[in-house]
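Step one of this worksheet: look at the structure below.
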Amino acid sequence: MKCDDRTIDKASRKMLEITEKENISTAWDRFDALQPQCGFGKLGICCRICTMGPCRIDPFGEGPDRGVCGATADIIVARNLIRMIAGGAAAHSDHGRDIAHTLLMTAEGKTKGYEIKDEKKLKTLAKELGIKTDGRKKNEIAKDVAETLFAEFGQQHGELKFVQRAPEPRKKIWRELGIMPRGIDREIVEVMHRTHIGVDNDAKHLIMHGLRTSIGDGWGGSMIATELSDVMFGSPKPVRSMVNLGVLKEDEVNLVVHGHEPTLSDVIVAAAQDKELLKLAKDNGAKGINLAGICCTANEILMRHGIHIAGNFLQQELAIATGAVDLMLVDVQCIMPAIGQVASCYHTKVISTSPKAKFPNVEHIQFSEEEALPIAKKIVKMAVENFKNRNKKRIVIPEETTDMVAGFTAENVSTILGGKYRATYRPLNDAIISGRLRGAAAIVGCNNTKIQHDYGHVEMSKELLKNDVILVTTGCSAIADAKAGLLDSEKALEYCGKGLREICDTVGIPPVLHLGSCVDISRILMVLTNMVKEGGLGEDISDMPIAGAAPEWMSEKAVSIGFYVIASGAFTVLNPSLPVLGSKEVSELVYDKIKDLVGANFVFEADPVKGAQLMIEHMNKKRKELKLRPMMYTK
Ligand code: BF8
């Protein structure tokens, strides 16, 4: 595959020319080398759950139609799919658990380098959770909040606490379908039990439990991660920043953080401003210490500190290939095991830090909350000391950078729209009701070597903006759109329909609102809930002219997200397809019939513009059902 076919991003194209010339293997090269990929795997009909297998079902109906135990394609596909949900929900929820742990230790005075930054949000949460706040110290309240939310992971019966935030009709649906999550971990464990050989052998029954597990992620683990990160590290506010590989600096120490959890990256921000380390950087010939990020940990520190973003998922190896990254710090999730190998071609040090995650050819410095700041300083010092080892002749930093605005939340959107003294979603709902805006859509998710890098996100976004749809975004999708200028309050207006442009101009926001990392899709759930509560757009999320999409998804986390999003009532477009096409029953269920149960379904559409049009059609249908006024400017 040629560089231009691999990505639409100019900076990435330049770096791919370098990696090709230098014979450095990237994800795209490995993808090419793996062709053709296993067709059974793609269709979801390979079962390796027990050692009588692996069993592969013949998709053409000419060979075996069941595995050794008798499992049909429907059972195999459903089991594989909900195991993906369990993987994704576990990743998000374990992230939430780690943040709760950090909050608890901080409240107990056991950490170095943390403080509770948003006391107001802490108190609001405490009240919601029924924890006394009057006359109590911040740390006492925080301890109770952390312990209460910790208990959500291991809860065995009842209903999760944050799930109660969902609109009443939604909760009724979940209760009636028996998919109200009882405990976050409990549902994940039950996926593993049900999918063991010879347990749950009913495809629909399996998928329903997958939905329950995913709700425990979106309205449980992920929501805990978001809420407690705001309490610990501060709630985001709109902030200006820059994105793409051009944020790396030739004359400064470049330290790139990559992964997901803000516990370490946030304290690295403080360590990188340490006077002694800045002096050391100067002594080593650097003008300063430049911090940048990749993937969701980048989004976390962007949202709270305006730190620049070097790139999204498929740019992690390309950042190292600039020859200018002195140290890459990684924690968990979406970190390619190949980065150690790429780094070995350069002077770049890669340091893994999570007790849960080690990588080949990567040095490990274990992170602990008790010693957070000293560890962060040690790592920054390593980056500074590595600056002198650069091979200057091999440094190629693409010049591309784009300005962006990030830092939106479910809370501050209402202040931005309604004003400081009358925070409200009313202007947003009214704009939709009056036909100035068609609706709202969330575009989220990853990059995938099967799809031209960033093309899906950017083209889908542009088509929606043109049709007066306001967008919210997170994760690698947000980074893709940011690189394309769609998060720039001024530049992005040229892509908007007249109605959307009027709103953005008046309020002073970009038409694509960056809500953070992938766990922060929980913020999107709250935006939708707030819109329902504001009134005039129906009684439930599924009544509103809204939609979701993951046009380049690849991870198990994305599967869990997709399921909790449709379980919450949002029609969702996917590319690539879920690995379900080997089962008629599961395909029909997730791509159609599930809407009779939860009011929303998935659609698989490879063309992002057509995907956007499907979302627009869906919004038009909902507008008609709600008897909203015709669109003011666009058809
Ligand atoms: O959690 S969008 S590639 S970085 S999985 Fe990973 Fe996908 Fe990026 Fe963030 Ni989300």
Side-chain angles (χ1 to χ4, degrees), residues 7 9 12 26-28 31 84-85 87-96 98-99 214 217-218 221-223 225-226 229 243 256-262 265 292-303 309-319 328-339 354 357 406 442-451 453-454 456-458 460-461 472-483 514-524 548-565 572 574-576 578:
T7 175
D9 173 42
S12 298
T26 65
W28 284 279
F31 176 74
M84 290 187 88
I85 295 176
H92 282 148
S93 301
D94 217 30
H95 171 163
D98 281 352
I99 307 284
S214 72
D217 169 1
S222 281
M223 206 167 269
T226 299
S229 293
V243 62
V256 173
V257 293
H258 173 23
H260 281 77
E261 296 185 358
S265 54
I294 302 262
C295 285
C296 281
T297 206
N299 285 322
E300 297 275 359
I301 53 174
L302 160 76
M303 293 282 283
I309 294 205
N312 50 7
F313 175 69
L314 278 176
Q315 289 178 287
Q316 55 187 284
E317 294 170 295
L318 307 183
M328 182 180 273
L329 177 68
V330 302
D331 57 10
V332 288
Q333 301 170 22
C334 306
I335 300 145
M336 292 186 195
I339 48 165
S354 167
I443 306 185
V444 301
C446 323
N447 302 135
N448 186 323
T449 43
K450 289 180 175 162
I451 298 154
H453 171 229
D454 291 349
H457 297 296
V458 173
M460 178 176 273
S461 299
V472 289
T473 181
T474 58
C476 290
S477 182
I479 301 173
D481 276 3
K483 284 184 280 174
H514 190 338
L515 270 78
S517 63
C518 288
V519 292
D520 292 332
I521 293 173
S522 62
R523 297 193 200 277
I524 300 178
E552 301 181 28
W553 76 273
M554 62 89 198
S555 74
E556 289 175 326
K557 290 182 286 175
V559 182
S560 180
I561 293 166
F563 271 86
Y564 75 65
V565 167
T572 297
L574 295 178
N575 187 31
L578 292 164

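Whatever order the structure lists ligands and atoms in, that order sets their numbers, starting from 1.
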For Ala27 and Glu317 the tightest heavy-atom approach is N-OE1, 2.9 Å

task: Starting from the C-alpha separation in whole Å, work towards a yes-or-no answer on side chain to side chain donor-acceptor pair (under 3.5 Å) for His514 and Asp481.
output: CA-CA 9 Å; His514 190 338; Asp481 276 3; over 6 Å; no

Checklist entry - Any non-hydrogen atom of Gly445 lying under 4.0 Å from ligand 1? => result yes

Residue set satisfying ring-ring contact (aromatic ring centres under 6.0 Å, His included) with Tyr564, at least two apart, ordered chain then number -> none

Taken in chain and number order and not counting sequence neighbours, the residues that satisfy ring-ring contact (aromatic ring centres under 6.0 Å, His included) with His260 are none

Report the C-alpha separation of Ser517 and Asp520 in whole Å, then their side-chain angles, then the decisive distance to 0.1 Å, and conclude whether the side chain to side chain donor-acceptor pair (under 3.5 Å) test is met.
-> CA-CA 5 Å; Ser517 63; Asp520 292 332; 3.3 Å; yes

Atoms of type N, O or S from protein under 2.8 Å of atom 6 (Fe) of ligand 1, total 1

With sequence neighbours left out, the residues meeting side chain to side chain donor-acceptor pair (under 3.5 Å) with Thr572 are none

